[in-house]
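Numbers for residues simply follow the sequence, beginning at 1.
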Amino acid sequence: MTPGFLRAVTGAALALSAAFGASLPAFAQGKDIRIAHVYSRTGPLEAYGKQTQTGFLMGLDYATGGTMAVAGRKLVVIEKDDQGKPDVGKSQLAAAYGDDKADIAVGPSSSGVALAMLPVAEEYKKILLVEPAVADSITGDKWNKYIFRTGRNSSQDAISNAVALDRPGTTIATLAQDYAFGRDGVKAFKDAIKKARVVHEEYLPTNTTDFTAGAQRLIDKLKDQPGRKVIFIIWAGAGNPFKIADLDLKRYGIEIATGGNILPAMAAYKALPGMEGATYYYFGIPKNPVNEWLVANHYKRFQSPPDFFTAGGMSAAIAIVEALRKTGGDTATSRLIQAMEGMSFETPKGRMTFRPQDHQAMQSMYHFRIKVDPAFAWGVPELVREIKPEEMTIPIRNSPR
């Protein structure tokens with residue numbers, strides 16, 4: 001799909017031009033709209049990046065009705081591999097804006113890479129639509145007016161997960177990766193907890209494979225606590241922190257809780273029936289026409305369901321097309337910002353709205369309980385309830401500039 005994408009777009013344009021001739025002069029003569037997608041084609045978050053890329057291309061297809069054009073202007077996607085490295089992502093985005101003349105950029109997969117890229121968008125005065133990097137600081141203290149985000153942020157993750165865990169008499173210890181995603185996630189989670197107590201934060205390197213020492217520190221902090229005891233895990237990419245369940249946590253009365261993840265990672269959830277948490281997306285949960293299209297077409301093309309980040313990629317594509325429709329195909333940054341601030345658009349998760357103050361997409365999250373179903377290789381997150389945007393007070397953490 002990826003290698004032939006630009007050829008397919010060009011071929012579609014030529015075919016339409018030949019078919020309609022002079023009836024489409026704007027399409028034949030209009031300047032291409034160039035969209036750079038900077039994501040982890042390789043590196044530790046490769047699985048996330050590839051899902052986002054698939055969803056993004058499917059989203060452009062859906063939102064343009066298969067024409068890959070808006071207001072008579074052809075959409076051209078320029079793909080860049082950030083390798084999961086901040087310095088590479090920064091240089092790739094600069095090359096996209098400077099050398100490739102991208103009108104708008106999307107990405108990246110990693111929060112650390114995103115933070116390195118934010119100043120580049122400000123330098124070139126071009127929009128960077130962040131998807132799926134999560135750290136609060138992206139639309140918080142590191143934000144600038146050229147940054148929008150369709151991906152959820154750490155606060156949205158945290159507040160929705162607090163729904164499942166924040167009860168009187170509950171003691172919580174956190175396990176997270178030692179970088180922006182993990183630390184911002186824990187901070188937001190602690191800020192969201194009002195009734196339970198957080199007694200310990202454990203941070204481990206992103207490439208950790210042996211969780212024994214960290215798990216022992218968590219056990220030591222929780223084992224003598226009264227009431228419900230929970231280890232809340234915030235983890236992305238490689239490594240399987242759920243292996244700590246092998247240390248017989250049950251003998252201490254300790255539970256594991258976490259948010260949603262990609263389907264391969266949720267294979268570990270099968271060992272944790274009844275576990276509660278909150279998720280950004282699971283293909284079987286949202287009931288709306290956009291998600292129905294995504295699920296049906298993903299099965300048709302790939303013989304598998306869309307995954308966690310596929311939906312995010314599609315949401316980003318829909319947001320871009322909606323913004324370009326509002327501007328009549330004008331890619332001037334000032335026009336796009338004006339169009340996107342406060343803009344609502346339909347996604348696989350239902351309606352999202354870019355909050356004017358920090359350009360964060362307000363969106364639903366889903367409280368789930370894990371069910372084991374032999375038909376699926378992963379623990380199935382059954383919906384407990386949809387947590388709507390208006391139910392979550394997401395802090396505004398940026399300083400407008």
Side-chain angles (χ1 to χ4, degrees), residues 35 52 55-56 59-60 62-64 70 104-107 114 118 121 127-140 143-160 163 188 192 260 278-282 285-294 308-328 333-367 385-400:
I35 306 167
T52 307
F56 187 69
L60 291 179
Y62 172 85
T64 64
V70 178
I104 190 168
V106 180
L118 303 187
I127 285 175
L128 171 61
L129 178 58
V130 175
E131 175 66 53
V134 175
D136 268 344
S137 46
I138 294 166
T139 43
W143 178 88
N144 63 71
K145 69 179 182 179
Y146 303 101
I147 307 306
F148 287 78
R149 174 159 52 186
T150 45
R152 88 286 189 199
N153 66 12
S154 291
S155 289
Q156 287 165 318
D157 264 352
I159 290 170
S160 56
V163 168
T279 189
Y280 165 80
Y281 176 80
Y282 177 72
I285 290 179
K287 308 299 181 187
N288 62 68
V290 184
N291 193 50
E292 288 170 8
W293 184 96
L294 173 60
F308 198 82
F309 295 102
T310 320
M314 186 174 187
S315 298
I318 291 170
I320 288 174
V321 171
E322 287 296 314
L324 288 168
R325 283 208 180 102
K326 288 184 73 173
T327 67
T333 301
S334 59
R335 291 287 311 280
L336 286 169
I337 291 174
Q338 185 179 20
M340 293 171 75
E341 285 187 339
M343 183 180 82
S344 294
F345 48 102
E346 298 300 325
T347 79
K349 297 181 59 181
R351 176 160 290 199
M352 289 188 187
T353 301
F354 284 127
R355 184 162 61 180
Q357 296 95 324
D358 61 359
H359 303 170
Q360 174 63 49
M362 299 291 102
Q363 56 195 280
S364 289
M365 300 289 282
Y366 306 100
H367 177 190
R385 75 180 186 94
E386 178 179 351
I387 308 167
K388 294 184 179 294
E390 55 270 22
E391 295 181 61
M392 294 179 279
T393 303
I394 308 300
I396 297 171
R397 301 180 186 275
N398 67 330
S399 301

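The shortest non-hydrogen separation linking M343 to A319 is CE-O, 3.4 Å. Across all their heavy atoms, P286 and N291 have their closest contact at O-ND2, 3.0 Å. Residues I159 and P395 share a closest heavy-atom pair of CD1-CD, 4.3 Å. Nearest heavy-atom pair, A311 versus L294, reported as atom, atom and distance to 0.1 Å: CA-CD2, 4.1 Å. Between R351 and S344 the shortest heavy-atom distance is CD-CB, 3.9 Å. The two residues S364 and P389 come nearest to each other via the heavy atoms OG-CD, 3.5 Å.
Panel note: side chain N398, backbone W143; no donor-acceptor pair is recorded below 3.5 Å. Checking side-chain atoms of N153 against main-chain N and O of D136 turns up no donor-acceptor pair under 3.5 Å. Side-chain atoms of N288 come within 3.5 Å of backbone atoms of P348 as a donor-acceptor pair (strictly under, hydrogens ignored). Side-chain atoms of K349 do not come within 3.5 Å of backbone N or O of Y281 as any donor-acceptor pair. Between the side chain of H367 and the main chain of R385, no donor-acceptor pair closer than 3.5 Å is present. Checking side-chain atoms of R355 against main-chain N and O of I394 turns up a donor-acceptor pair under 3.5 Å.
Taking CZ of F309 as the start and OG1 of T52 as the end, the distance is 6.5 Å to the nearest 0.5 Å. Atom CG of N144 is separated from atom OG of S399 by 12.0 Å, given to the nearest 0.5 angstrom. Atoms CG and OG, from L129 and S315 in turn, are 9.5 Å apart once rounded to the nearest 0.5 Å. Taking CD1 of I138 as the reference point, atom CZ of F148 lies at 15.0 Å (rounded to 0.5 Å). Atom OH of Y62 sits about 10.0 Å away from atom OG1 of T347, to the nearest 0.5 Å. Atoms CE and CE, from M362 and M392 in turn, are 8.0 Å apart once rounded to the nearest 0.5 Å.
No side-chain heavy atom of T333 sits under 4.5 Å from any side-chain heavy atom of I104. The side-chain heavy atoms of M314 and T310, taken from C-beta on, include no pair separated by under 4.5 Å. For the pair M352/I318, no side-chain contact is recorded, criterion being any heavy-atom separation below 4.5 Å from C-beta on. Between Q360 and S155 the shortest side-chain heavy-atom distance does not fall below 4.5 Å. A 4.5 Å side-chain heavy-atom check between L118 and L128 finds at least one atom pair inside the cut-off. Within the 4.5 Å cutoff, the side chain of T150 has no heavy atoms near those of the Q363 side chain. Between E341 and H359, some side-chain heavy-atom pair lies under the 4.5 Å cut-off.
More than 12 heavy atoms of other residues, nucleotides or ligands shown are found within 6.0 angstrom of CD on E391.
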Worksheet entry | I35/F56 under side-chain contact (heavy atoms from CB on, under 4.5 Å): CA gap, chis, key distance, verdict | CA-CA 11 Å; I35 306 167; F56 187 69; 3.8 Å; yes
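For F345 and F354, the gap between ring centers is short of 6.0 Å.
Side-chain atoms of D358 and T139 form no donor-acceptor pair, as typed in the model, at a separation below 3.5 Å. Side-chain atoms of S160 and R152 include no donor-acceptor pair closer than 3.5 Å.
Contacts classified as salt bridge (charged side-chain N to carboxylate O under 4.0 Å, His left out) and involving residues 315-327 (residues at least two apart or in different chains) are given here: E322-R325.
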